[in-house]
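Single-structure report; data block below.
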Amino acid sequence: MMSTDRLLAFAAMSFLLIVIPGPSVLFVIGRALAQGRRAALTTVAGNTLGAYVLVVAVALGVGSVVERSIVVFTALKLLGAAYLIYLGVKAFRQRRALQEVFARTGDGESEAVGGLRTFWEGFAVGVANPKTIVFFAAVLPQFVDREAGHTVVQMLVLGLVFNAIAVASDSVWGLAASTARSWFARSPRRLAAVGGTGGLAMVGLGVSVAVTGRAD
């Protein structure tokens with residue numbers, strides 16, 4: 001297996017990349033603001049599983065195909081962007097319903113969250129993120145010790161390290177955003193505004209994903 005130094009170097013690089021808010025963080029924050037703590041953490045779990053599917057794909061050689069194919073890259077990018085925009089519009093349209101949910105449940109979470117549905121929505125966003133798969137395809141091979149053998153296993157281990165850091169970071173962002181949401185909930189206008197903000201954040205993220213990326 002790979003050396004400890006190599007593993008720590010990858011962990012340090014991953015931390016520097018993850019700690020800066022990116023697409024997954026913005027998506028989790030949007031969910032936290034729109035639906036609350038439980039939805040945010042469920043989204044983190046789904047997004048992480050989706051990201052690890054990309055790790056497996058890279059480890060098995062699919063990542064290189066996406067990295068080299070403009071058609072495949074663009075298709076995944078537009079698919080992920082469209083799904084984010086759809087979720088954002090949906091959250092924005094339902095922003096006023098948050099007041100009724102809080103009135104019935106007291107915390108606005110038990111009905112605002114769809115359990116498995118929220119999880120799989122997070123998964124879909126994670127697995128359809130073209131930037132993630134290109135990052136894994138470009139970075140994971142650099143930290144693999146080919147002389148040690150078991151290249152696929154090494155990539156899977158590196159992917160676990162990356163996702164463990166991502167879970168911790170994204171969860172902190174989600175909890176912080178959901179705490180702010182609770183403060184907003186004290187006012188009906190604030191609550192409607194935060195639901196709309198969460199939806200707009202996801203729409204903006206979707207548009208950003210659609211217009212960025214390689215153009216060659």
Side-chain angles (χ1 to χ4, degrees), residues 1-28 40-84 116-174 205 209-210 212-216:
M1 292 297 291
M2 71 192 76
S3 66
T4 302
D5 291 342
R6 191 183 296 263
L7 192 61
L8 291 176
F10 176 79
M13 180 179 181
S14 298
F15 176 79
L16 292 176
L17 291 172
I18 293 170
V19 73
I20 300 174
S24 63
V25 171
L26 293 179
F27 180 68
V28 170
L41 296 180
T42 302
T43 299
V44 169
N47 190 275
T48 300
L49 180 60
Y52 197 70
V53 168
L54 298 183
V55 173
V56 175
V58 169
L60 297 178
V62 176
S64 61
V65 176
V66 175
E67 186 179 29
R68 297 172 185 173
S69 173
I70 297 176
V71 175
V72 176
F73 180 90
T74 302
L76 282 177
K77 179 175 73 172
L78 294 179
L79 177 63
Y83 193 69
L84 284 171
L116 287 176
R117 181 177 179 178
T118 299
F119 176 87
W120 287 116
E121 286 179 345
F123 173 84
V125 171
V127 79
N129 188 339
K131 293 183 178 180
T132 302
I133 194 169
V134 171
F135 167 77
F136 285 145
V139 174
L140 287 182
Q142 299 180 30
F143 289 88
V144 170
D145 185 354
R146 300 188 183 281
E147 295 183 358
H150 304 290
T151 300
V152 173
V153 176
Q154 290 187 58
M155 287 190 177
L156 294 178
V157 171
L158 291 173
L160 286 175
V161 172
F162 182 94
N163 280 348
I165 297 173
V167 166
S169 177
D170 292 355
S171 295
V172 169
W173 280 107
L205 176 57
V209 170
T212 58
R214 74 188 195 189
D216 55 335

Any idea which heavy atoms bring [X] and [Y] closest together, and the distance?
{"X": "Val44", "Y": "Ser171", "result": "CG1-OG, 3.8 Å"}
{"X": "Ala11", "Y": "Ile165", "result": "O-CD1, 3.5 Å"}
{"X": "Gly174", "Y": "Ala40", "result": "CA-CB, 4.2 Å"}
{"X": "Val55", "Y": "Met155", "result": "CG1-O, 3.7 Å"}
{"X": "Ala59", "Y": "Val152", "result": "O-CG2, 3.6 Å"}

*Looking at CH2 of Trp120 and CG of Leu49, how far apart are the two atoms once the value is rounded to the nearest 0.5 Å?*
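Interatomic distance, Trp120 CH2 to Leu49 CG, rounded to 0.5 Å: 6.0 Å.
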*Say you draw a straight line from OG1 of Thr48 to CZ of Phe162; how long is it, rounded to the nearest 0.5 Å?*
9.5 Å
*Any donor and acceptor pair, going by atom type alone, linking the side chain of Ser14 with main-chain N or O of Phe10 inside 3.5 Å?*
yes
*asked:* What I'd like to find out is whether the side chain of Asn47 reaches to under 4.5 Å of the side chain of Val28, using heavy atoms alone.
replied: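 No, side chains not in contact.
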*Indicate yes or no: at least one non-hydrogen side-chain atom of Leu158 is less than 4.5 angstrom from one of Leu7.*
yes
_Of Leu116, Thr118, Thr43, Val53, the residue whose pairing with Phe123 passes side chain to side chain contact (heavy atoms under 4.5 Å, CB included)_ = Val53
